[in-house]
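As the structure is a computational prediction, the values presented were derived from the model and not from experiment. Below, read A as the first sequence line, B as the second, and so on, with proteins coming before strands; counting in each chain starts at 1.
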There are 2 protein chains.
Amino acid sequence: MNLQDQLNHNGLRLTHPRQVVMSVLEAANIPLSPQSIHQRSLEAQEEIGLVSVYRTLDLLTELGLVRRVHGHEECQGYVLASPGHHHHVVCRQCEAAVEFTGMEDVSLLVERIQAQTGFTIDEHLLQFYGLCPACQEEVER
Amino acid sequence: MNLQDQLNHNGLRLTHPRQVVMSVLEAANIPLSPQSIHQRSLEAQEEIGLVSVYRTLDLLTELGLVRRVHGHEECQGYVLASPGHHHHVVCRQCEAAVEFTGMEDVSLLVERIQAQTGFTIDEHLLQFYGLCPACQEEVER
DNA sequence: ATCCTTATTGAAAACGTTTTTCAATAAGGA
DNA sequence: TCCTTATTGAAAAACGTTTTCAATAAGGAT
């Protein structure tokens, strides 16, 4: 199911700004702020309004096509989401973000905490920070 | 080494706003935004300027006494940097925050992700959201 | 291909948060 | 107690994000 259909099924339309935001995110492999997405759209000679970037990011996030990521300094970072519930390891130095899968350990943890505290848990926030392989090498030199 | 000495050693001074921010953070054990720290200082009849809250948080973070944390919606959250790393379950309804311990599962997870991605991980952000026992009962009625 | 409805856009204005500026204040060593 | 200067608070500036609204264009219907 492509973007066009996914939008139309919800009574939404495939517009120029939406295509541009998607292709900018596809080209970049690091989380981008709304500002820098807008910047890159201009550099690509695809003028779209900053306001539309914000609106499009909200929409794409809701559709699950894009995921919001918290950088160390920049709070509003967006990356393309691969399907399923994923989390990111973010590099402290170059801001590269890598997704990882297999959250059985978290499910176990959730169950234990529910039993331990009596809470029912329906959501969690999990993110790791460190150094990516490339930046590790740079530091060693 | 107390706060007073730690500040004076660096040519800094122990002032009223700094004491207030510290005691607000000590009283709350969940991440607080600059705004809500300010709010709580007013409620405690300890009027300090919002500007000083910002400046004090920067300072305390630099001194390593406070740590910045990214919340789900609110990006600027600050907690006391206690040596023992702990996490919270936060109630969606009444905001109650309960600490839980025993993070062996997370250590396992960290090791697996390090092996899987090649990153070295030195920090993580983990928080759970749900309903506390009291609010669960209320919902059932 | 054209029309028609309405989702969507972009510019401006509104908004909230964070930072800067600067004169007045107060911390703490002499 | 004095003196230096780090620090404060209020106002203004700067910044990022959201809202408003008339104009536009997407895409189903004709």
Side-chain angles (χ1 to χ4, degrees), chain A residues 1-24 31-42 44-63 65-66 68-78 95, chain B residues 1-24 31-63 65-66 68-78:
Chain A
M1 195 172 182
N2 57 10
L3 182 56
Q4 169 95 21
D5 292 345
Q6 189 150 359
L7 288 168
N8 291 355
H9 269 245
N10 296 35
L12 303 169
R13 295 169 184 179
L14 180 59
T15 63
H16 186 229
R18 287 171 186 170
Q19 290 175 312
V20 172
V21 170
M22 273 306 265
S23 72
V24 166
L32 296 179
S33 67
Q35 313 283 337
S36 58
I37 291 171
H38 182 235
Q39 187 62 37
R40 289 183 187 214
S41 85
L42 299 185
Q45 322 279 2
E46 301 283 0
E47 297 225 355
I48 60 176
L50 177 56
V51 191
S52 294
V53 175
Y54 279 102
R55 286 189 284 225
T56 299
L57 287 172
D58 283 351
L59 180 73
L60 294 176
T61 302
E62 202 154 327
L63 290 178
L65 297 173
V66 151
R68 188 169 164 201
V69 155
H70 293 267
H72 244 229
E73 291 309 312
E74 274 200 335
C75 285
Q76 297 257 66
Y78 292 85
E95 301 259 320
Chain B
M1 196 170 181
N2 59 11
L3 183 56
Q4 168 94 16
D5 292 343
Q6 189 152 359
L7 288 169
N8 291 355
H9 270 245
N10 296 33
L12 303 168
R13 295 169 184 179
L14 180 59
T15 63
H16 186 229
R18 288 172 185 170
Q19 289 174 314
V20 172
V21 169
M22 273 305 266
S23 73
V24 166
L32 295 180
S33 67
Q35 311 283 338
S36 58
I37 291 172
H38 182 234
Q39 187 62 37
R40 289 182 188 216
S41 84
L42 298 184
E43 283 163 8
Q45 322 279 2
E46 302 281 1
E47 298 224 355
I48 59 176
L50 176 57
V51 192
S52 295
V53 174
Y54 279 101
R55 285 188 285 224
T56 300
L57 287 172
D58 282 350
L59 181 73
L60 294 176
T61 302
E62 202 154 327
L63 290 178
L65 297 171
V66 152
R68 189 172 164 199
V69 151
H70 294 266
H72 237 225
E73 292 309 311
E74 274 198 334
C75 285
Q76 297 257 65
Y78 292 85

Please tell me if Thr15(A) has a side-chain N or O lying less than 4.0 Å from either OP1 or OP2 of dA26(D).
no
Do any side-chain nitrogens or oxygens of Gln76(A) fall under 4.0 Å of OP1 or OP2 in dG16(D)?
no
When you match Arg55(B) and Val51(A) each to their closest nucleotide on DNA chain D, which lands nearer the 5' end?
Arg55(B)
Phosphate oxygens OP1/OP2 of dG28(C): is one of them under 4.0 Å from a side-chain N or O of Gln4(B)?
yes
Grab the N/O contacts between the protein and nucleotides 4-7 of chain C below 3.5 Å, and write none if there aren't any.
unit_1, atom_1, unit_2, atom_2, d
dT6(C), O2, Arg13(A), NH1, 3.2
dT6(C), O2, Arg13(A), NH2, 3.4
dA7(C), N3, Arg13(A), NH1, 3.4

Once you round to the nearest 0.5 Å, how far does CD1 of Ile37(B) lie from CE of Met22(B)?
11.0 Å
OH on Tyr78(A) to CG on Asp58(A), rounded to 0.5 Å:
5.5 Å
Can a donor-acceptor pair be found, under 3.5 Å and without considering hydrogens, that links the side chain of His38(A) to the backbone of Ile48(A)?
yes
Quick one: pull up CD in Gln76(A) and OG in Ser36(A) and give me the separation to the nearest 0.5 Å.
11.0 Å
Report all side-chain donor-acceptor pairs from residues 9-21 of chain A shorter than 3.5 Å, counting only partners two or more places apart or in another chain.
unit_1, atom_1, unit_2, atom_2, d
His16(A), NE2, Glu46(A), OE1, 2.7
Arg18(A), NH1, Arg13(A), O, 2.6

Using whole Å, report how far CD1 of Ile37(A) lies from C1' of dG16(D).
14 Å
Separation of dT8(D) atom P from His16(B) atom NE2, nearest Å, is 11 Å
Whole-Å distance separating the CG atom of Asp58(A) from the C1' atom of dT19(D):
13 Å
State whether the number of non-hydrogen atoms from other residues, nucleotides or ligands found under 6.0 Å of Glu47(B) atom CD is greater than 12.
no
Between CG of Asp5(A) and C1' of dA26(D) the distance, given in whole Å, is 14 Å
Between dT17(D), dG10(C), dT17(C), which one does the side chain of Leu50(A) approach most closely?
dT17(D)
Atom pair CG (Leu60(B)) and CD (Glu62(B)), whose distance is rounded to the nearest 0.5 Å:
10.5 Å
Are Pro34(A) and Leu57(A) packed together at the side-chain level, in the sense that at least one heavy-atom pair is separated by less than 4.5 angstrom?
yes
Rounded to the nearest Å, what distance is computed from the CG atom of residue Leu7(B) to the P atom of nucleotide dT7(D)?
8 Å
Non-hydrogen side-chain atoms of Leu65(A) and Leu3(A) separated by less than 4.5 Å
yes
Can you measure Leu57(A) atom CG to dT9(C) atom P for me and round it to whole angstrom units?
12 Å
Separation of dT17(C) C1' from Leu32(B) CG (nearest whole Å)
17 Å
dA26(D) phosphate, OP1 or OP2, under 4.0 Å from Asn8(A) side-chain N/O:
no
Paired and unpaired positions of DNA chain C as dot-bracket, Watson-Crick or G-U wobble under 3.5 Å, | denoting a partner strand:
||||||||||||||||||||||||||||||
Could you state the atom-to-atom distance from CD1 of Ile48(A) to P of dT9(C) in whole Å?
9 Å
